[in-house]
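Notes follow the structure.
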Amino acid sequence: MYGRDVLAGNWRRPKKGQIPQVPAERDLVVEDPDSGFCGAVVGCDKEAVTLEDRFGRRRVFPLAPAGFLLDGRPVTLVRPAASAGGPARSASGSVAVQGLRARVARESRIYVEGVHDAALVEKIWGHDLRVEGVVVEYLEGVDDLPAIVAEFGPEPGRRLGVLVDHLVTGSKESRIAAAIDSPHVLVVGHPYVDVWQAVKPAAVGIPAWPTVPRGTPWKEGVIAALGWRLDPAEAWRRILGSVTGYADLEPELLGRVEELIDFVTAAPGDD
């Protein structure tokens with residue numbers, strides 16, 4: 001009496017015509033048929049699109065061919081073209097430089113604690129850093145920061161900016177930072193135990209970052225509390241993939257990175 005299941009067979013290959021390509025414009029509502037997740041587009045890059053459902057939860061999906069349903073029909077989402085109505089913006093919100101050719105790197109540098117910090121800085125400020133010729137390096141911790149600074153040899157025109165995790169009063173990191181005494185070095189930090197927390201929970205699709213009991217490795221504790229069946233590297237890829245622009249980051253991180261960029265790009269006479 002009834003027709004066959006509309007989802008039976010390979011629904012991604014229609015019998016007639018081509019599956020349309022649709023620009024993933026902000027607020028476009030689509031559904032991921034595999035998970036049933038339905039939401040509005042809140043961000044899109046060359047590899048993935050971020051959807052937000054009506055409860056404020058966000059998920060990141062790859063831009064796969066025929067990967068979504070729009071009004072019940074399969075479509076291929078593509079990255080939208082840059083708007084012609086105004087200047088293009090980088091992920092940090094700055095005006096994007098068209099046809100950018102990275103300038104020769106300055107002697108000044110920005111150091112961050114770990115590879116995750118470096119990846120997040122690159123995703124949001126990478127364009128700006130290439131415009132300014134600033135290289136970001138990661139340290140794998142700041143326990144030896146005084147020796148690292150001495151080896152770098154800061155001087156006028158050769159500035160060093162350092163971004164530190166968990167830079168709060170009384171922390172180990174605050175004591176290490178206090179040992180740095182050079183007008184050519186700026187050490188700043190955010191209050192979070194790990195840079196993961198500098199990503200807004202709503203961007204990741206969680207209500208809040210969980211509290212991890214003292215003595216439990218922080219990343220593993222977060223993963224367990226959230227019920228993610230992922231290792232830390234996979235969890236970080238999920239978190240980083242949810243970040244589409246500066247609005248997805250906490251202001252405590254945004255302000256400090258901008259401060260470091262201003263410091264290391266200042267004219268030598270400003271030392």
Hydrophobic cluster membership, [X] vs [Y], 4.5 Å side-chain cutoff:
X: Val162; Y: Ile110; answer: no
X: Val136; Y: Val188; answer: yes
X: Val112; Y: Leu139; answer: no
X: Trp209; Y: Leu167; answer: no
X: Val121; Y: Val135; answer: no

With distance as the sole test, does [X] use its side chain to make a donor-acceptor pair with the main-chain N or O of [Y] at under 3.5 Å?
X: Ser108; Y: Leu160; answer: no
X: Thr216; Y: Val212; answer: no
X: Arg159; Y: Phe263; answer: yes
X: Thr76; Y: Ala66; answer: yes
X: Asp144; Y: Ala147; answer: no
X: Thr244; Y: Gly43; answer: no

To check you understand the geometry: which heavy-atom pair defines the closest contact between [X] and [Y], and what is its length?
X: Asp165; Y: Glu173; answer: O-CG, 3.2 Å
X: Ile176; Y: Pro146; answer: CG2-CD, 4.1 Å
X: Glu252; Y: Pro191; answer: CB-CD, 3.8 Å
X: Pro74; Y: Ile19; answer: O-CG2, 3.4 Å
X: Leu253; Y: His190; answer: CD1-CD2, 3.9 Å
X: Gly67; Y: Pro33; answer: O-CD, 3.4 Å

Other residues, nucleotides, ligands: >12 heavy atoms within 6.0 Å of Tyr246 OH:
no
Value rounded to 0.5 Å, distance of [atom1] in [X] from [atom2] in [Y]:
X: Arg106; Y: Thr265; atom1: CZ; atom2: OG1; answer: 5.5 Å
X: Asp262; Y: Glu132; atom1: CG; atom2: CD; answer: 8.5 Å
X: Ile206; Y: Ser242; atom1: CD1; atom2: OG; answer: 9.0 Å
X: Trp125; Y: Leu254; atom1: CH2; atom2: CG; answer: 5.0 Å
X: Cys44; Y: Leu77; atom1: SG; atom2: CG; answer: 7.5 Å

Assign the ring pair Trp236 / Trp196 to parallel, tilted or perpendicular, where the plane angle (0 to 90°) is split at 30° and 60°.
parallel
Qualifying residue for side-chain contact (heavy atoms from CB on, under 4.5 Å) with Val243, from Asp45, Thr50, Ile124:
Ile124
Residue among Glu259, Arg256, Glu113 satisfying side-chain contact (heavy atoms from CB on, under 4.5 Å) with Leu163
Arg256
Does any donor atom in the side chain of Trp228 or Glu234 lie under 3.5 Å from an acceptor atom in the other side chain?
no
Does any part of the side chain of [Y], heavy atoms only, come nearer than 4.5 Å to the side chain of [X], both counted from C-beta?
X: His116; Y: Tyr138; answer: no
X: Glu250; Y: Pro201; answer: yes
X: Lys123; Y: Leu240; answer: yes
X: Leu63; Y: Val78; answer: no
X: Val75; Y: Leu69; answer: no
X: Val30; Y: Cys38; answer: no
X: Val134; Y: Asp128; answer: no
X: Gln197; Y: Trp218; answer: yes

Residues Val142, Tyr111; criterion side chain to side chain contact (heavy atoms under 4.5 Å, CB included); working and verdict:
CA-CA 10 Å; Val142 293; Tyr111 286 172; over 6 Å; no
Identify whether NZ of Lys or CZ of Arg in Arg109 sits under 6.0 Å from the centre of the six-membered ring of Phe152 and within 45° of that ring's axis.
no
Take Arg59 and Ser35, measure what side chain to side chain contact (heavy atoms under 4.5 Å, CB included) needs, and give me the verdict at the end.
CA-CA 11 Å; Arg59 289 186 59 181; Ser35 66; 3.7 Å; yes
For Lys172 and Asp143, what are the C-alpha separation, side-chain angles and deciding distance, and is it a salt bridge (Lys or Arg N to Asp or Glu O under 4.0 Å)?
CA-CA 9 Å; Lys172 174 191 71 174; Asp143 288 355; 3.0 Å; yes
The test is salt bridge (Lys or Arg N to Asp or Glu O under 4.0 Å); show your working for Glu122 and Arg130 and say whether it passes.
CA-CA 10 Å; Glu122 165 60 27; Arg130 281 183 282 279; 3.1 Å; yes
